[in-house]
Amino acid sequence: MSSDVRFTDFKSDKQPTWCPGCGDFGTMNGMMKALAETGNDPDNTFVVAGIGCSGKIGTYMHSYALHGVHGRALPVGIGVKMANPELEVMVAGGDGDGYSIGAGHFIHAVRRNVDMSYVVMDNRIYGLTKGQASPTSREDFETATTPDGPGQPPVNPKALALASGATFIAQSFSSNAQRHAEIVKQAIEHDGFGFVNVYSPCVTFNDVDTYDYFRDSIVDLADTDHDPSNRDQAKDKILESDKEYMGVLYQDDSSVPFEEREGIEAPMNDVPDGAPEGAMDLVREFY
Amino acid sequence: MPDDLNWAIGGEAGDGIDSTGKIFAQALSRAGRHVFTSKDFASRIRGGYTAYKVRTSVDRVESVVDRLDILIALTERTIHENEDELHDDSVIIYDGERSTMQDVEVPGDATALEVPLKRLAEDAGGAIMLNVVALGAACEVTNFPIENLDESLEKRFGDKGEAIVENNKTAARKGQEYVREEYDHDFGFDLECTDADYVLLNGDEAIGMGALAAGCKFYSGYPITPATDVMEYLTGRIDQFGGKVVQAEDELAAINMALGAARAGARSMTATSGPGIDLMTETFGLVATSETPLVICDVMRSGPSTGMPTKQEQGDLNLTLYGGHGEIPRFVVAPTTISECFWKTVEAFNLAEKYQTPVFLVSDLALAVTEQTFPPETFDMDEVEIDRGKVVDEEEVDAWLDEKGRFQAHFAAADGISPRAFPGTTDGAHMTTGLEHDELGRRTEDQEVRIEQVDKRQQKVETAREQEDFDYREFGDPDADTLVISWGSNEGALREGLDLLDDEGYDIRFISVPYIFPRPDLTDEVQAAEDVIVVECNATGQFADVVEHDVLQRVDRINKYDGVRFKADELAEEIKQQLAGEAGTQEATQ
C-alpha cells in the first residue's frame, strides 16, 4: 500500500458503455475515491461484481477483479476475503442481482459479517435487459413485463439487512459525489460487512425514480439527530417506507468480523512442496 | 470354515447400529485382520431398517459377497432382510426375551442364539449397552479374543468417562460368558489375529485426507448425503493447517466461495452429490472461463431428482462430463478404490492448478460409506508431490505485462496455460470474467480474439494429454479373449469376481479406468478382444457409450441400478450369463 495512490489509479483505460447520465458513473467514482482515501491500491484490492449494468464495474476499474454469474458475487467475495484477509474486498451489485436472484446470499453474507464492503447500485429497474420490474420497483411502476405495475410491495433491503443481524447499514445517492464517497469510505473502514444501498438512477428506463426525485426527497442523516449506534432509531428510519435517507443508518461499533472470530490470520496462498508437516498423523488417526 | 467371515448387525436407525459395527470393525483391524465394511441404510434418522456389515479376513478383502455368517438381529425385520444371505452354518444372535422378538422364525438350518441382550446390559449398568453385549457374544461365537474390543470401546466412549468405558467392557464380557455357559460348543469360526498394523477409513475420509495432504486450505460445501463426511472430516482438521471450512447457505454459494478462495490463491475445493452438482453447474463455465483452479467433488448417489439418497449409483458420468452450457474444458477423475480416493484427490489439485481448470473428482456412495483396512504406508505422505503450475511472483510478473504495463492473465500461450498472479502481487492486478475476454481479461466480442481464447482453453486439455499419464489399471490375463471394463467403485467386486471365474476356468482381462476425461484410448484393447463387457452402476451404460464413441465399436454391458453395489459372486454370475449369451438380470434393454 502506498500513500500516494490517487483515485484515478483505480480507473482502467476501458471506456464505460453505460448510458450517458447513468447513475453508475457517480457510484463507481465514489467507490474508487473511497478505496484510494482508505489507503488501498489496485494490487491489494479485489472487486467482485455480478451481472447487469452494475456488473460491468470490474471492467472499468483497475484492480484484481472478478465478474461472476448473476446474483453470486457475494459468495465469491467472501471466499476471496477468507482466503486472504489482507486484501481489501469490495463487492458491487445491482438491485436485481442482489435482492432478487442473490437475495439468499445477501441475507447470509450480512449475518456472516465478513470484513468487506457491499455496494448495491439501486436504480429500481432492470436496465440491461431493457426495462423490467426489479425487486425494488414501486408497486404501481409500469414496465414491459408489468404493464399494471408489479402489484407487490418493493423489497426493503435495509430492513432485510437489519433483521439479518447487519453491523453496518448505509444509503447514499450517486449524484452527491462527496457524501457518497464518504459513506462508502465508512463502509470500508467498518470492521465487518459494510452494506451501502446507493440510489443510482437509470435515465433510460426509470422515469419515476429520477435524479430530481431523489434530490427533492432525500434527507441527509448528518443533518438530523440520528444516532447510528442506536438500533431502535435505525429500525424506525429503515421502516419509514415513504422516506429516502442518505448516510449511515446503523453501525454496530462492537462488530468483530467473521474471519477474525474464526481465527484466520494469514493468507492461505502458501502451500509446501509436499504434504504438510505432521500429515502422517492424519493417517494414524485411523488406527 | 474359511477364515473369510461375514458379520452384520441390523436394527432400526437410531439403535446405534453404525457405532456398534464400527467398534467391531476397528477391533478386527487392530487385531491385524483386514476389514471391508458396507452399510444398508434408509434416508431417515430414526426407525426403518439399517445394517452395518463387516467382511473380514487375514487376506485383503476388496468387496462384499452374498453370504452372511453371523448376524446380530436387533429386530425381526433384520432377519427377513438378510434371509437370502444366510446359510446353514450361519449364526443369528438375538434377544428372545424382548416382546418383539419372541416369535422369531429362523430360516433354514441356521443356528439361533437367544441371548438376553437387554437384561445383561442392565446388569452391566444400562440397557443402552445391549449392542455391546451382542458384540461380546459374537466374540465368543467367532473365537475372537474379547480384549481386542477394549481399545475400540475406549476410543468410542473415552470422552464419556472411565466409568462408561468400564461398563461397556463389562457388558461385552457378560455377552461372552452367557454364550459360553448356555451354548457350550464350537461354532466352527476362528478369527486369527496377526501383528499387522492397519488403518481403517472410508472413501469420504480418504478424500478429505487427500485434500489436506495436497495443501487444501479452503473448503465450502452444503450438507448432502453421501458427501457430507468430506466436510465433517475437514472441519476441525483443516484449521490445524491454516485453513477453513465454511458451511455455505446453498450449493451455489458453496462453489462461488470456493472459486473466490481459489482466485485469492488458496487450494480450494467443494464436495457435493448429484443434486448439488446440478445447482453448481452454472458456475462450472465461470470456473473454466476465468481459468480458476478448483476441485469439485461429486459423491454420486441414485438419481434422478432426489432419487434414492442413501443408495449406490454411478449415474452422473454424463453430468460431470458434459454439464454446463457452452463448451467447458475440464478434467474428470474417478477413483476406483478407497486408497485412490486419497491419491486422486492429490492429483486433482495438481491438475487444477497446472491447467487452471475445474477438476471433477467423481466418487460414489459405495466408496463413500465403505470402510476398508490399509497398511498405513498406503498413504505415505512423503510420496505426495505438489505442483502449483505457472504462479508468478513479484519478480516474474514483469515478463507477463503488455506494452502498457498491464498483466496478461489470459495470455494465449502455446500450451494454453497463462501465468497466474495471486491478488496482492504488485503489478499483477487484472480483471477476469465469465464473458468472453481478451488476454487482459476484458470483455470482447471480437471474432479473432474469441477463437484465440476458446482454442487457448481447449489447448490445455491437449497439453495435459501430452504431459500426464491418463492410463488404466489392468488385472487378469492380458491376452484373454474376454475383456471386462469398468470405472469407479466396481473394481474390488470385479477383481474378486474374476478370481471366482478363474477358478472355474474362465480367462478374462480386466481394465479399470480411473480417468473419465481425458481418458485412455482403449481402441487396441477393445479390438483385440472377442467379447467386451462394460460394467457400471447405472441403467443406460454411460461409460459404455463413451467407449463405443471412442472405439467406434459396439460393446456389451452389465448394468446395475437397484441401488445396491455389485457383489463379487453376483457379478461373476452375471458375466458367466453374459458370455453364455443370456440376458443378465438387469441388463439394459436398448
Side-chain angles (χ1 to χ4, degrees), chain A residues 12-14 41-46 48 56 58-59 61-84 86-87 89 104-105 107-108 112 259 262-276 278-280 282-287, chain B residues 29-30 197 199-201 205 209 212-215 217-218 220 237 239 241-244 246 248-250 252-254 256-268 282-283 286 290 376 379 381-382 384-386 388 404 422-435 442-443:
Chain A
S12 84
D13 50 12
K14 197 93 171 170
D41 66 39
D43 288 328
N44 85 317
T45 302
F46 202 111
V48 191
K56 296 180 171 187
T59 311
M61 287 176 66
H62 174 59
S63 72
Y64 285 92
L66 183 115
H67 174 213
V69 295
H70 201 192
R72 320 289 166 214
L74 281 171
V76 174
I78 291 169
V80 171
K81 183 69 184 184
M82 291 189 69
N84 189 346
E86 292 173 4
L87 298 173
V89 177
H105 302 312
I107 292 168
H108 294 281
R112 209 168 264 127
E259 67 277 16
E262 291 289 308
I264 299 172
E265 282 156 8
M268 298 179 184
N269 54 22
D270 200 17
V271 172
D273 292 337
M280 221 41 216
L282 294 168
V283 183
R284 291 190 194 97
E285 261 186 65
F286 291 107
Y287 268 125
Chain B
S29 166
R30 281 159 190 273
D197 274 333
V199 291
L200 180 72
L201 71 168
E205 290 166 335
M209 193 166 77
L212 293 181
K217 296 272 181 73
F218 190 85
S220 52
R237 288 183 180 83
D239 300 57
F241 301 96
K244 189 54 67 181
V246 176
E249 57 269 26
D250 55 36
L252 303 137
N256 279 285
M257 271 184 213
L259 163 72
R263 284 218 76 79
R267 285 199 147 194
S268 178
E282 183 192 23
T283 301
L286 175 61
S290 65
F379 309 101
M381 294 291 177
D382 290 339
V384 171
E385 287 174 13
I386 305 293
R388 304 213 67 187
K404 288 185 176 170
F422 296 153
T425 307
T426 304
D427 295 335
H430 63 273
M431 167 74 189
T432 192
T433 165
L435 291 165
R442 295 162 171 212
R443 175 194 183 158

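Throughout, a chain's letter reflects where its sequence line sits, starting with A, and its residues are numbered from 1.
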When you compare the side chain of [Y] with that of [X], does any pair of heavy atoms fall below 4.5 Å?
{"X": "A/S12", "Y": "B/R442", "value": "yes"}
{"X": "A/E86", "Y": "A/N44", "value": "no"}
{"X": "A/H67", "Y": "B/T432", "value": "no"}

Select, from [options], the one with the greatest count of heavy-atom pairs under 4.5 Å involving chain A.
{"options": "B/K244, B/E385, B/R237, B/M209", "value": "B/K244"}
{"options": "B/T425, B/D250, B/D197, B/T283", "value": "B/T425"}
{"options": "B/A262, B/A248, B/G424", "value": "B/G424"}
{"options": "B/A254, B/S220, B/P376, B/G215", "value": "B/P376"}
{"options": "B/V384, B/T426, B/L259, B/V199", "value": "B/V199"}
{"options": "B/L435, B/L252, B/L286", "value": "B/L252"}

So for [X], is it side chain, backbone, both, or neither that comes closer than 4.5 Å to the heavy atoms of chain B?
{"X": "A/A266", "answer": "neither"}
{"X": "A/K56", "answer": "side chain"}
{"X": "A/L282", "answer": "both"}
{"X": "A/E265", "answer": "neither"}
{"X": "A/Y287", "answer": "both"}
{"X": "A/M280", "answer": "both"}
{"X": "A/P272", "answer": "backbone"}

Practice prompt. Report the relative orientation of the aromatic rings in A/Y64 and B/H430; use parallel for angles under 30°, tilted for 30 to 60°, perpendicular for over 60°.
Written response: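 Taking B/H430 first and then A/Y64, their aromatic rings stand perpendicular (interplane angle over 60°).
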Got a donor-acceptor contact below 3.5 angstrom from the [X] side chain to the [Y] backbone?
{"X": "A/S63", "Y": "A/P42", "answer": "no"}
{"X": "B/R263", "Y": "B/S290", "answer": "yes"}
{"X": "A/D43", "Y": "B/D427", "answer": "yes"}
{"X": "B/K217", "Y": "A/V271", "answer": "no"}
{"X": "B/N256", "Y": "B/A253", "answer": "no"}

Please rank [options] by heavy-atom pairs under 4.5 Å with chain B and give me the top one.
{"options": "A/R284, A/K14, A/R112", "answer": "A/R112"}
{"options": "A/V69, A/T59, A/V48, A/N84", "answer": "A/V69"}
{"options": "A/H70, A/E259, A/H62", "answer": "A/H62"}
{"options": "A/A65, A/A83, A/G58", "answer": "A/A65"}

> Is the number of heavy atoms from other residues, nucleotides or ligands within 6.0 Å of CD (A/E285) greater than 12?
Replying inline: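 Count over threshold, so yes.
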Next on the checklist: Around atom CG of A/D273, are there more than 12 heavy atoms from other residues, nucleotides or ligands closer than 6.0 Å?
Outcome noted: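 Incorrect, the count does not exceed 12.
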Part of [X] within contact of chain A (heavy atom distance under 4.5 Å):
{"X": "B/L200", "value": "both"}
{"X": "B/A214", "value": "backbone"}
{"X": "B/L201", "value": "both"}
{"X": "B/R443", "value": "both"}
{"X": "B/D382", "value": "neither"}
{"X": "B/S29", "value": "neither"}
{"X": "B/F241", "value": "side chain"}

Report the C-alpha distance between A/L87 and A/T45 in whole Å, list the side-chain angles of each, state the deciding distance to 0.1 Å, and finish with yes or no for side chain to side chain contact (heavy atoms under 4.5 Å, CB included).
-> CA-CA 6 Å; A/L87 298 173; A/T45 302; over 6 Å; no
key: Heavy-atom closest contact (B/I386 atom, B/A213 atom, distance)   =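 Minimum heavy-atom contact is CD1-O, 4.0 Å.
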Problem - Nearest atoms (heavy-atom pairs only) where B/A266 meets B/F218 - result: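 Nearest pair, atom of B/A266 first, then B/F218: CB-CB, 4.3 Å.
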